[in-house]
Amino acid sequence: MRQQALLLDLAPDAISVRDLQGRVYFWNEGATKLYGFKKDDIIGKEFQSLLLKEESKYQDYIKEVLRKGSLETELRIQTKDGKERIVSSSWVLVRDAEGKAESVLVVERDLTEIKLLESQIMRTQRMESIGRLDSGIVHDLNNILTPILVAVGNLKEKLTDEKSKRFLELLDNSTKHGAELVKRILSFGKGVVGERITVNVKDIINETAKFISQTFPKNIKLRVELKEDNNCVLGDPTQLRQILLNICINSKDAMPNGGLLRISCENVFIDENYVRIHIDARIGTYVLITISDTGTGMTPEVIDHIFEPFYTTKGEEMGSGIGLSTVYNIVKSYGGFINVYSEPGNGSRFDVYIPAIETETIRDFGIERMGTSKETKGKGQTILVADDEQVIAEVAKLTLESNGFKVIIASNGTEALAIYRKYLSEISLVILDISMPIMDGRTVISELKKLNPNVKAIASTGLADSADIAELEEIGFSAVLMKPYSSEHLLESVVRVLEVS
């Protein structure tokens, strides 16, 4: 019997023996690994009350075993640490010497990863089925859409009044959008590479903005901010529209009660210091498309997974989980990258960087160019930079020190407060990350003002609209520095607050 018990402990499956009321008599090492409970924790206790997600069904399973002598089923169980698992469960009735039902031998195996993989494969197969649309059907669809486009072109020449022009433009754009949707489905399903041509991103944004204005709920306000830059990239117009629409649709879904959707575009220069804290970035000129909303926002855990295929927080009825994954793949194929900033309850911001071509107006992210300007040179003033992201704090330190400032770094709010208390007479300015562990930036500024009512401080944050900026200024901040901030913006903010000549 001891040898048999040792053999059972070596088995990878979870093996247990329970009486007809669910009390556990035997529990092997495989069961401990699966459920997290050791033998001493579980022997003599009721299995269903500790581990079974659907406790009420346990007696139904017992009745089935008593009737048939065995049972094969799948169960949702909860491990000791609260995780939900799916297991295959095989039950066999054990009788005593007189043939009376005595207990149940149960062998269980973890199927969670297999079930997850099956679900993903089924979704992939569904998308592949869409991707196998018969070329004849696509041909017919294009035959339907082509005469509409031709007719619209002809009508534009004959109907020149403003009202007719607006209707024709709407019809023209909608028809083209329908044609592009067919191409988009085929592109995703078959992996068709879009044609790369020179595209002005501002034109794509303007087209997308018109579509959003006509289709999104009226309680969502759209604001488009385009600079006079030459925002040209080498890309596929359909794929660029897909990037904008997928992100904007996510923003719409995050604002069920309405809100503000912003789309902006400008040229930026990424320098070596920016590359240090963004591993996907390369030195050079990019077109930066920023899409932000005032929606529900996301937790850091969600942000970590949003670009994974089939990952969705909307449920299968509302989201396929491929939208942002497609966006990521397109941007990556262009040699670009995406940064996401979000906080629960404070909306989200997507910064999409695509390599620019033939750009004329560039907003410089470089330290070297701005660092040589007289307006950004310090006079030895000491600045306290508090940020829990060490790389950001180090880059800020490098930037400021190369421009004549002294810098002290703190990794959290409590440390920042202690440093300021120690060097109060020496510190001229404090730069505080708003979302820091232990003590956030809002709490720190409140405590700093108790020590020094005239403290000069800059708030650093990834999310801030006009209302947030007003609130931060009201509680004592002299300026707000938006993440990811450039060397130029950092130095300008410091100079402005310190009034360095």
Side-chain angles (χ1 to χ4, degrees), residues 145 149 152-153 156 165-166 168-184 187 192-216 222-251 261-270 274 280-293 323-324 326-339 349-365 484 486:
L145 296 171
L149 288 170
V152 169
K156 281 182 177 179
K165 283 182 178 179
R166 287 198 298 272
L168 289 171
E169 184 180 5
L170 175 61
L171 182 59
D172 190 26
N173 288 338
S174 296
T175 307
K176 288 177 180 176
H177 180 63
E180 288 166 358
L181 280 177
V182 176
K183 182 180 177 182
R184 175 178 162 187
S187 175
V192 177
V193 178
E195 181 184 4
R196 301 288 176 85
I197 61 174
T198 301
V199 183
N200 192 313
V201 176
K202 284 190 289 190
D203 295 337
I204 303 296
I205 291 175
N206 285 327
E207 289 178 21
T208 306
K210 288 180 182 178
F211 177 78
I212 289 172
S213 299
Q214 295 157 2
T215 57
F216 278 26
L222 175 64
R223 182 182 299 169
V224 178
E225 301 168 352
L226 303 177
K227 295 196 173 181
E228 294 300 320
D229 300 347
N230 181 19
N231 307 125
C232 290
V233 301
L234 195 64
D236 181 295
T238 300
Q239 291 179 341
L240 291 169
R241 292 186 188 96
Q242 189 173 359
I243 291 170
L244 289 166
L245 278 175
N246 279 342
I247 297 176
C248 288
I249 288 170
N250 272 17
S251 291
L261 174 63
R262 290 192 188 94
I263 306 175
S264 66
C265 183
E266 62 180 319
N267 286 13
V268 297
F269 181 82
I270 301 295
Y274 191 88
D280 293 325
R282 298 292 181 269
I283 296 174
T285 307
Y286 288 74
V287 172
L288 168 60
I289 306 167
T290 299
I291 301 171
S292 63
D293 63 65
L324 289 179
T326 303
V327 167
Y328 178 85
N329 288 332
I330 293 172
V331 174
K332 196 79 172 175
S333 71
Y334 287 174
F337 60 100
I338 306 173
N339 289 332
R349 188 177 102 231
F350 286 75
D351 288 344
V352 180
Y353 294 82
I354 300 175
I357 58 171
E358 298 179 8
T359 53
E360 296 173 356
T361 306
I362 300 173
R363 178 166 65 83
D364 190 0
F365 269 50
S486 66

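- Here the rule is side-chain contact (heavy atoms from CB on, under 4.5 Å) with F350, and of V327, L324, I289 only L324 fits it.
- In this structure S264 satisfies the side chain to side chain contact (heavy atoms under 4.5 Å, CB included) test together with E225, T290, sequence neighbours excluded.
- Nearest heavy atom pair, residue G335 against residue P355, reads O-CG, 3.5 Å.
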### Task
Dump the intermediate steps for side-chain contact (heavy atoms from CB on, under 4.5 Å) on L226 and N206, then the final yes or no.
CA-CA 9 Å; L226 303 177; N206 285 327; 3.5 Å; yes
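- Using cut-offs of 30° and 60° for the angle between ring planes, the F337 and Y353 rings count as parallel.
- One distance of note links CG of L170 with CD of Q214; it measures 4.5 Å at 0.5 Å rounding.
- Note that CD of Q242 is 11.0 Å distant from CD1 of I247, once rounded to the nearest 0.5 Å.
- The two residues P237 and G235 make their nearest non-hydrogen contact at CD-O, 3.8 Å.
- Atom CD of Q239 is separated from atom CG of N246 by 11.5 Å, given to the nearest 0.5 angstrom.
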### Task
Show the numbers, then the answer: is there a side-chain contact (heavy atoms from CB on, under 4.5 Å) between V233 and L240?
CA-CA 10 Å; V233 301; L240 291 169; 4.0 Å; yes
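- Rounded to the nearest 0.5 Å, atoms SG (C248) and CD1 (I263) are 4.0 Å apart.
- S333 meets the side chain to side chain donor-acceptor pair (under 3.5 Å) test with R196; sequence neighbours excluded.
- Counting all heavy atoms, side chain and backbone alike, A209 lies closest to L222 at O-CD2, 3.6 Å.
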### Task
Applying side-chain contact (heavy atoms from CB on, under 4.5 Å), run through T208 and I212 and close with a yes or a no.
CA-CA 6 Å; T208 306; I212 289 172; 3.9 Å; yes
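- For the atom pair CG of L244 and CD1 of I249, the computed distance is 11.0 Å after rounding to the nearest 0.5 Å.
- For V287 against C232, the heavy-atom pair with the smallest separation is CG2-O, 3.9 Å.
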### Task
Kindly indicate, with the supporting measurements, whether the criterion side-chain contact (heavy atoms from CB on, under 4.5 Å) is fulfilled by D236 and Y334.
CA-CA 10 Å; D236 181 295; Y334 287 174; 3.6 Å; yes
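- The side-chain heavy atoms of I357 and T198, taken from C-beta on, include a pair separated by under 4.5 Å.
- A distance of 9.0 Å separates OG in S292 from CZ in R223, rounded to the nearest 0.5 Å.
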